[in-house]
Each structure stands twice: as structure tokens, then as C-alpha cells.
Amino acid sequence: MNFTAGATIILPGSVLALMAAGLVAGWGLLAWLTRRGKRSNTNHTDRDWSIPQLGDSATTRSLFHRWDVRFKLVSLITFAFFVVAVRSLPAASAAMLMALICVPLARLPFYRALRRLLAMSGFLVMFIVIMPLTVPTQPEDTLVVFAGMEGISFNLRGAILALTICCKAFAVALLMEPLLATAPLSVTLEGLSRLGVPDKITRMIHLAHRYIFVFLEETRRMATGMKVRGFRKRTNMETLRMTGNFLGMLFVRGFERTYRVYDAMLARGYDGTFQELHRFRSSIGDWLKATFWILLGMVLLGVDRLYLGG
């Protein structure tokens with residue numbers, strides 16, 4: 001079967017069913033691997049929710065852990081921009097493979113990356129379904145028609161474009177793991193401040209990350225209390241009323257805790273700024289790694305534009 005330009009290909013309807021089953025099976029496999037990895041990496045000890053950690057690899061040492069945060073931020077974000085700029089599917093697939101290799105190189109739990117991809121997959125699948133149907137048809141496009149659905153044509157160029165978008169999105173998402181999970185969040189935010197990001201933004205991110213876990217734990221406690229008192233979710237007005245009361249009480253308790261937290265910070269000498277505790281010291285290795293990633297992104301974009309027809 002030749003998928004030549006400007007041709008119309010007729011395929012059996014069973015092929016479409018197999019493709020749909022493959023998407024569902026792939027999503028299910030991704031969800032199963034995520035749950036399995038999370039169970040195998042779960043720490044069963046009681047967690048201190050007042051000191052949340054972005055990752056569980058604080059004692060892990062890798063090339064990414066030893067990399068100066070400032071260089072890591074600039075180089076990986078620059079590489080991500082190069083990835084977003086590519087236009088061909090081979091280049092996007094290569095970028096996704098590079099980002100995927102970074103996860104084991106950074107010695108990070110793989111289920112974290114899978115969980116990130118799983119959260120994105122439901123949205124990105126819509127591109128794979130919709131874009132072959134909505135991309136404007138050009139004379140050189142190859143159309144695929146399934147038996148029994150002759151009134152609907154699937155544009156192969158739209159499918160390739162959708163896959164390219166998915167690969168680029170997955171590549172950028174995978175890069176966030178070695179970028180954010182290989183250093184304490186406070187150090188990363190301090191590195192952003194050193195790079196010129198306004199202090200107000202970094203303080204907001206720091207406080208939001210620290211106390212969002214506290215509010216999540218408060219939500220779990222309130223939900224457990226409702227279940228103990230016999231509350232069960234149903235499709236009736238009583239469930240809707242109880243859910244509204246739950247959200248209102250959570251808002252009030254969160255608002256009150258905000259004032260208590262702020263008063264406690266003032267009592268401990270908070271003056272609107274956080275003390276800088278980390279001393280940044282760059283080395284030749286930091287420069288070499290930053291140069292490698294920026295050059296890698298430039299080469300990827302150059303190959304895409306010059307040789308892959310991007």
C-alpha cells in the first residue's frame with residue numbers, strides 16, 4: 001500500500017477500530033505503569049506536610065544534581081525553546097527521545113515522568129483525533145477513508161502534524177523533571193532571582209508550593225471526617241449541598257490559616273524577603289554542560305530546517 005502525495009487511500013473499518021483500541025490500550029498501560037511505579041516508590045513513613053519536598057531524590061547525585069541551577073535553567077529552557085521550534089516529526093521524536101534519556105541519567109523515579117505524561121495525554125489525544133479531520137486539504141495531501149465512513153476523510157498531513165505536537169509537548173514535559181527535581185525548590189527559585197526574575201514572583205511560587213500541600217492535607221482530613229459521619233457521593237441535591245458546604249468551609253479555614261501563617265512569619269522576623277542561604281559557584285563543568293545543551297538544540301533545529309524539510 002503506497003501512501004503517495006495527492007492520493008486517497010481506502011482502508012477497512014477494522015483498521016480504525018484497531019487504532020482506537022491502540023490509543024485506549026496505550027493510555028491504560030501508561031496509567032498502570034504510573035500507579036505501579038508510585039506504589040513501589042511510596043514512602044510509608046509519616047510525612048511532615050509543613051516541609052513539602054518537590055522530589056524524593058535529595059540525596060541522589062547525578063550530572064544534573066551537580067549542575068549549577070542558574071546554568072541548568074538557562075540551558076534547558078533554551079533547549080526547550082529549540083524543541084518547540086522544530087516542525088518535522090523525526091526531529092520532534094528525536095527531541096522526545098533525548099528528554100526521555102535524561103530521566104534515568106538524572107536518577108529520578110520514572111513514575112514521576114509517566115505521571116506527568118499521563119496528565120497531558122488526555123488533552124493531546126484530542127489533537128490526534130481532531131486535526132486529521134480539520135486540517136485544510138491541499139492538493140498534495142494524502143487522504144485516508146475508512147470503509148463505511150466514506151463521508152469522512154482523514155488527512156494524513158494533519159495526523160503527522162498532531163503527532164509532531166504531541167512529541168514536542170512530551171519532550172518539554174520530560175525536560176521539566178531533570179530541571180526541577182534535581183535541586184531543592186528554594187535553590188531553584190533563588191537561581192531564578194539571580195537571573196533577574198522579580199523577587200515577588202519567586203516568593204509567591206515559594207509560598208504557594210509550601211502551603212498547597214498543607215491545604216491538600218486539610219482537604220483530605222475534612223473529606224475523611226465527612227465519610228466517617230456517613231456522607232456518600234450521590235447524584236442528588238443533598239450531595240450538591242454538602243459539596244458546597246465543604247468547599248465553603250475549606251475556603252474559610254484556608255483564609256484563616258493564611259492569616260495565622262503570616263502572623264507567625266512576622267513574629268519570626270519576616271520582612272518581605274527570604275534570606276539567601278545558597279552560595280552559587282560556577283565551574284568549567286557547568287559551562288560545558290550548558291554549551292552542550294544549547295549547541296544540541298541548535299543542531300536539532302538546524303537539521304530540522306535544512307534536511308528534514310521543517
Side-chain angles (χ1 to χ4, degrees), residues 1 3 5-38 76-77 79-100 102-103 110-177 179-180 233 235 300-301 304 308-310:
M1 184 178 298
F3 290 85
T8 299
I9 310 298
I10 300 177
L11 297 177
S14 58
V15 175
L16 181 61
L18 288 175
M19 293 171 60
L23 283 176
V24 174
W27 188 88
L29 178 62
L30 187 61
W32 178 76
L33 291 174
T34 303
R35 290 195 299 269
R36 182 180 179 183
K38 185 176 181 179
L76 290 185
I77 291 176
F79 179 79
F81 275 105
F82 283 124
V83 170
V84 174
V86 301
R87 299 174 183 173
S88 64
L89 180 58
S93 302
M96 185 178 69
L97 180 60
M98 295 174 193
L100 189 63
C102 289
V103 177
F110 208 75
Y111 84 92
R112 289 174 54 91
L114 293 177
R115 184 175 59 183
R116 191 181 296 272
L117 298 184
L118 181 64
M120 300 172 55
S121 60
F123 174 75
L124 293 176
V125 163
M126 294 190 296
F127 283 93
I128 300 176
V129 174
I130 295 175
M131 292 193 70
L133 299 173
T134 58
V135 168
T137 303
Q138 298 179 0
E140 66 274 10
D141 288 346
T142 300
L143 303 180
V144 179
V145 178
F146 294 96
M149 302 175 60
E150 285 78 7
I152 302 176
S153 60
F154 295 82
N155 194 320
L156 190 61
R157 181 172 61 86
I160 294 175
L161 182 59
L163 290 174
T164 303
I165 294 174
C166 292
C167 288
K168 292 194 291 185
F170 283 155
V172 175
L174 289 169
L175 281 174
M176 294 303 104
E177 286 297 315
L179 177 63
L180 298 176
K233 294 180 181 179
T235 54
L300 181 68
L301 184 61
D304 172 74
L308 299 178

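- In this structure, C167 and L89 have side chains that are in contact, with non-hydrogen atoms separated by less than 4.5 Å.
- Minimum interatomic distance between L133 and S153 (heavy atoms only, all atoms of both residues): CD2-O, 3.8 Å.
- Taken to the nearest 0.5 Å, the OG1 atom of T164 stands 11.5 Å off from the CZ atom of R157.
- Minimum interatomic distance between M131 and G158 (heavy atoms only, all atoms of both residues): CB-O, 3.8 Å.
- Atoms CZ and CD, from R116 and E177 in turn, are 4.5 Å apart once rounded to the nearest 0.5 Å.
- Summarising the geometry, atom CZ belonging to F82 is positioned 6.5 Å from atom CG belonging to L301; distances are rounded to the nearest 0.5 Å.
- In this structure, the side chain of K168 does not engage the main chain of V83 through any donor-acceptor pair within 3.5 Å.
- Between L143 and F154, the closest side-chain pair of non-hydrogen atoms is not below 4.5 Å.
- Taking all atoms of both residues into account, the shortest heavy-atom contact from D304 to A91 is OD1-CB, 3.6 Å.
- Side chain of R87 to backbone of L308: no donor-acceptor contact under 3.5 angstrom is found.
- Considering all non-hydrogen atoms of both residues, F170 and M96 come closest at CB-SD, 3.7 Å.
- Note that CE of M98 and CG of L300 are 5.0 Å apart. Values are rounded to the nearest 0.5 Å.
- Of the inter-residue distances, the one linking F110 atom CZ with L174 atom CG reads 7.0 Å to the nearest 0.5 angstrom.
- Distance CG/L161 to CD1/I128: 11.5 Å, rounded to 0.5 Å.
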